[in-house]
Enquirer: 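Take this structure first; my questions come after.
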Amino acid sequence: MIASSSLQSWLKCGSDNNLARVISLEFRRGRSKRFGSKMRFRNALGSRLFQWCSRENHTSVRKLLEVDGRSERSKLLKKVSVLMGYSNAQDLVEQQRARGESATELISVFKEIDFPEISAKFPCIKIGDASPIELYEDSTNMMCKETVLSENLTNFIRGSGGNLETAYKFPNECHPLRQTPTTSDDASSTEESSLMAHHISQEPAVGKEACPESLPDATTSDNSMLDKSIRCLPGTTSRQYRQLEEGGFHTVRKLLQHFPRTYADLRNPQGPIEDGQYIMLFGTVISSRGIKVKSTLGFLEVVVGCSIVETELSSSVKSNHSDAEQKTIHLHLKKFFSGTRFSSQYFLNCMSAKHKEGDLVYVSGKIKKVLANGHYELKEYTIDGLEGEGEQSSMLDRRPHAIYPSKAGLKPNLLGLSISRALKMLTPDVDPMPPDVLFEFNLPNLFDAYMGIHKPKDRDEADFARRRFIFDDFFYLQLGRLFQMLEAVGTRVEKEELLYKCKNHELNTVGADDWSPLTKKLLKSLPYSLTPSQLSAVKEIIWDLRRPVPMNRLLQGDVGCGKTIIAFLACMEVVSSGFQAAFMVPTEVLAVQHYGHLTSLLDKFDGDDKPNIALLTGSTSTRESRIIRNGLKTGEIAMVIGTHSLIADKTDFSALRISVIDEQQRFGVVQRGRFNSKLYTSSSKLSGENTSSDEASDSEAFMAPHVLAMSATPIPRTLALALYGDMSLTQITDLPPGRQPIETLALEGNDAGFKTVFQMMRDELIDGGKVYLVYPIIDESEHLPQLRAATAEFDSIKEKFEGYPCGLLHGRMRSDEKDEALSSFRSGETRILLSTQVIEIGVDVPDASMMVVMNAERFGIAQLHQLRGRVGRGERKSRCIFLASSPSTLPRLKVLEKSADGFYLANADLLLRGPGNLLGKKQSGHLPEFPIARLEIDGGILQEAHHAALKVLASSNDLALYPRLKVELSMRQPLCILGD
Ligand SMILES: Nc1ncnc2c1ncn2[C@@H]1O[C@H](COP(=O)(O)OP(=O)(O)OP(=O)(O)O)[C@@H](O)[C@H]1O
């Protein structure tokens with residue numbers, strides 16, 4: 001009742017006359033049936049009334065006006081008329097007529113309604129207070145003191161051109177009060193859009209009407225612009241949106257990070273074209289045809305005409321254009337198809353239709369044949385269409401033209417077009433990188449970098465931009481890892497210490513005089529003195545060991561540089577202060593060798609000082625391993641050397657302080673992590689009980705063990721940093737004195753080759769040397785008959801080198817047999833050791849002086865370098881011969897003849913095989929994808945990025961000073977997935 005009277009009062013006072021005119025008009029229209037529509041009436045007048053009156057307190061008003069059924073319209077008219085004080089709608093119409101008012105005057109009706117006054121008078125009627133929404137471009141000048149509702153009504157009627165009938169229509173998509181205007185996804189527009197999508201390049205922009213709310217805000221001043229949905233790209237159809245989203249391009253950033261595959265040089269300077277030459281030319285399609293040769297063979301021939309500037313030397317083109325001869329050549333691009341399906345005329349026609357006469361294209365590929373003067377055939381080629389937005393202008397200025405790789409079935413043209421649109425929206429302030437970092441490391445800002453990579457003025461600009469993106473990839477990786485490290489340490493002092501350490505590692509050393517007594521003793525017991533880099537490595541490591549923060553260091557050095565002794569000295573330092581050390585190696589052979597080496601050095605110690613060392617491998621007897629495990633648990637054993645047995649669940653430590661992982665790249669990421677976390681849990685749990693220890697403060701007792709990972713595989717520094725971003729890196733750069741370069745030869749393994757090799761072996765043996773013969777397989781294989789096998793050749797070698805005892809070593813032998821074979825060779829009991837690649841890692845027989853590797857092409861370059869490192873470990877001059885199965889594989893092996901530098905060779909390996917292969921799945925761990933960085937050549941940038949990350953964190957540990965950087969970091973690498 002209250003609602004009814006409120007409404008009645010309001011209708012009477014506020015709009016008695018005006019509303020009466022509207023109702024009168026509507027009533028007359030309904031009668032004449034010309035405009036009559038229940039729906040329209042309900043949508044128009046009905047919805048106006050509902051909206052004016054129905055707020056949370058007015059459900060009863062809504063109910064009052066709610067009508068249904070066939071008589072809805074007339075019922076509503078009647079109800080409103082009655083509420084306005086007329087006896088019925090007819091009465092209202094008659095009274096209006098009597099006043100002589102015409103419909104044309106009605107346009108001003110709504111303007112005259114004084115809504116604020118109504119609201120003030122009848123507080124129970126709330127008039128909308130939402131912020132204004134712009135629906136029509138010219139609506140801004142309509143802005144006045146009116147409430148939103150009155151403004152929208154006015155606009156609504158204006159929009160109808162004064163025609164109330166049109167105005168009443170209130171179609172859903174332009175409803176004046178609708179806060180969310182129609183997007184192109186709406187059913188009504190979808191069909192239309194999909195029809196239009198057939199004409200990608202010519203279609204009109206959907207533009208503002210498609211999604212006005214998401215148009216770029218010119219004042220956007222943060223990187224969130226990059227993370228906007230691609231639906232804000234102007235001029236894109238809904239079908240294109242869908243295609244892009246399905247292809248994984250959900251955001252502007254994703255799109256802009258789709259970098260060009262290459263750049264077309266549209267100038268076409270060219271020297272004389274020769275057979276076999278690789279060309280990249282811009283031209284026009286002259287013809288395209290698909291020809292069926294026979295039932296299962298067809299081919300596509302596209303002829304492209306290219307205008308080239310032919311000179312003797314293409315470089316002279318730039319200097320003297322007038323001398324250059326302009327000429328047109330024809331490229332005949334042929335692609336063959338076999339199989340019934342692919343040689344059908346239908347299929348061939350479809351293929352040929354992809355290239356239309358007059359299309360501008362960029363062709364790259366190798367000249368297969370010179371057909372005639374000016375006509376060249378190419379069979380392996382790439383042809384890229386060059387249409388796109390603003391193409392003509394870009395062609396005129398002859399800039400490098402970006403060519404995009406296709407992705408997820410999306411055509412490069414669509415990607416290029418969308419990228420151009422995204423670039424137009426980009427504002428110069430999208431860069432979250434602090435300006436001083438950009439300045440210090442000579443980087444373009446992000447806006448320029450995006451422009452530079454997608455629309456470069458020249459190649460240099462593209463390269464400069466590429467530098468920025470590589471920097472970013474590395475920077476955020478480093479920043480993420482370092483940030484996480486800092487999060488892990490508690491106090492601010494510790495954080496600063498950690499950063500200080502990262503920055504000034506050269507200052508962080510402990511001189512030999514300050515080493516623990518046990519370490520000094522071991523040093524004294526060595527039959528040699530440490531090389532300068534060995535010494536500084538030990539100093540650095542010992543400095544780390546004395547910090548309250550767990551060390552995480554990679555010790556890297558070329559084969560035979562003497563890493564083992566560095567690790568032993570580090571272990572002694574820890575043992576000397578009452579803690580335990582664990583030394584894990586990948587093979588039993590190596591574990592036994594290290595154990596033997598260390599115990600022989602410790603044998604020189606007095607009984608009291610001598611630490612208790614144990615060997616624990618898979619071959620250790622159950623009884624013995626139980627005793628060792630018990631010793632580790634009670635703390636009786638100070639140091640253990642072993643294989644994977646060290647990470648077995650049952651192995652527990654009393655106070656583990658350092659874990660050394662030798663040849664760490666041989667262990668998977670998971671194994672490394674498991675070793676670490678296991679030891680952490682064990683040591684923290686157990687050492688927690690031992691807090692009585694004088695030296696162990698509370699924080700020390702619960703500290704994770706220091707980790708010293710060692711790698712002989714010379715992972716280039718770049719890769720090491722990328723892989724072990726949160727690891728400190730120590731490199732051994734020199735070899736022990738007296739080492740002689742290993743003479744390396746790559747020969748073809750034919751009769752002549754073997755004859756030469758056997759003669760060299762004989763000479764070596766007569767000279768007192770020892771020879772390794774390395775085979776790719778243990779037993780002969782039916783499937784690989786060309787490969788030589790260790791066991792199969794054992795007898796023939798024995799026979800050939802009678803008088804020189806031979807040994808055999810391979811992975812299928814029992815552990816004691818392996819030990820025996822190696823120790824016989826070490827002692828000189830055997831002079832020739834036929835082996836497989838089990839000796840590749842760590843085997844140290846200093847007087848072995850010659851190695852012959854059979855079927856050497858089966859091994860990677862880095863692997864061969866490792867194998868070669870088994871000789872030349874003493875002062876004796878050594879040789880290594882790589883025998884290739886065929887002459888074609890020789891050039892690759894010759895790389896090893898020229899260089900003994902492990903880092904150079906690892907780089908070569910990386911270039912030849914790519915980082916994926918070198919690392920393998922196991923190794924890649926958390927290494928993220930680097931979209932455009934090439935690790936083999938971009939190492940410098942990686943290091944700069946590392947320094948930049950340190951610098952940023954040093955000035956703000958928690959990145960509080962760099963909120964945009966923090967947001968960017970979390971966008972790129974959610975920290976939860978960074979954890980090792
Ligand atoms: N400073 C040195 N002077 C002389 N000989 C040394 C020195 N340091 C180490 N050696 C000897 O060099 C040989 C190789 O050392 P080690 O086995 O530690 O090398 P490595 O770096 O571990 O090599 P690999 O990667 O092949 O395992 C050993 O016989 C060792 O005794």
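Worth knowing before you read on, the calculation uses all heavy atoms, side chains too, and leaves out hydrogens, waters and symmetry mates. Note that the numbering runs from 1 along the sequence shown for the chain. Each ligand, and each atom within it, is numbered from 1 in the order the structure gives. Predicted model only: the values in this text are computed from it and were never measured.
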Enquirer: Backbone or side chain, does any N or O of Gly562 fall under 3.5 Å from an N or O of ligand 1?
Expert: yes

Enquirer: Do any N or O atoms from the side chain of Ser533 and from the backbone of Thr733 form a donor-acceptor pair under 3.5 angstrom?
Expert: yes

Enquirer: With heavy-atom distances below 4.0 Å as the criterion, list the atoms of ligand 1 near Thr531.
Expert: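 Those atoms are 1 (N).
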
Enquirer: If you have a sec, work out which protein heavy atom is nearest atom 28 (C) of ligand 1 and how many Å separate them, to one decimal?
Expert: Asp844 OD2, 3.1 Å

Enquirer: Between Ser849 and Arg879, is a side chain to side chain donor-acceptor pair (under 3.5 Å) present by the stated rule, with each step listed?
Expert: CA-CA 6 Å; Ser849 54; Arg879 284 169 171 177; over 6 Å; no

Enquirer: Going by the atom numbers of ligand 1, which of them fall below 4.0 Å from some non-hydrogen atom of Thr564?
Expert: 16 (P), 17 (O), 18 (O), 22 (O)

Enquirer: Quick one: does Ser529 get within less than 4.0 Å of ligand 1, heavy atoms only?
Expert: yes

Enquirer: Please state whether the rings of Tyr772 and Phe825 are parallel, tilted or perpendicular, taking 30° and 60° as the class boundaries.
Expert: tilted

Enquirer: Going by the closest heavy atom to atom 11 (C) of ligand 1, which one wins out of Met710, His594, Arg739?
Expert: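 Shortest heavy-atom distance from atom 11 (C) of ligand 1: Arg739.
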
Enquirer: Can you tell me the protein heavy atom closest to atom 17 (O) of ligand 1 and the distance?
Expert: Arg873 NH2, 2.9 Å

Enquirer: Return the residue, atom name and 0.1 Å-rounded distance of the protein heavy atom closest to atom 27 (O) of ligand 1.
Expert: Gly842 CA, 3.3 Å

Enquirer: Using heavy-atom distances only, which candidate in His597, Gln534, Gln593, Glu840 approaches atom 8 (N) of ligand 1 most closely?
Expert: Gln534

Enquirer: Is there a donor-acceptor pair closer than 3.5 Å between any side-chain N or O of Arg831 and the backbone N or O of Cys806?
Expert: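 Side chain of Arg831 to backbone of Cys806: no pair is present.
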
Enquirer: State plainly whether the residues Glu540 and Arg553 are in salt-bridge range, i.e. N to O under 4.0 Å.
Expert: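 A salt bridge is present here (some side-chain N lies under 4.0 Å from a carboxylate O).
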
Enquirer: Charged N to carboxylate O under 4.0 angstrom, Asp662 versus Lys563?
Expert: no

Enquirer: Please say which of Leu834, Ile778, Asp779 ends up in a side-chain contact (heavy atoms from CB on, under 4.5 Å) with His810.
Expert: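 The passing option is Ile778.
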
Enquirer: Test side chain to side chain contact (heavy atoms under 4.5 Å, CB included) on Asp603 and Lys610 and set out the steps.
Expert: CA-CA 8 Å; Asp603 276 347; Lys610 210 163 130 184; 3.4 Å; yes

Enquirer: Going by distance only, is there an N or O of Gly560 that falls short of 3.5 Å from an N or O of ligand 1?
Expert: yes

Enquirer: Out of Val574, Leu602, Leu523, Val575, which one pairs with Leu518 under the side-chain contact (heavy atoms from CB on, under 4.5 Å) rule?
Expert: Val575

Enquirer: Considering only non-hydrogen protein atoms, determine which one is nearest to atom 30 (C) of ligand 1 and report residue, atom name and distance to 0.1 Å.
Expert: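 Result: Tyr528 OH, 4.1 Å.
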
Enquirer: Of the side chain and backbone of Gln866, name the one, both, or neither that has a heavy atom under 4.0 Å from an atom of ligand 1.
Expert: neither

Enquirer: Would you mind listing which atoms of ligand 1 come within a distance below 4.0 Å of any non-hydrogen atom of Cys561?
Expert: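 Within the 4.0 Å cut-off of Cys561, ligand 1 contributes 19 (O), 21 (O).
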
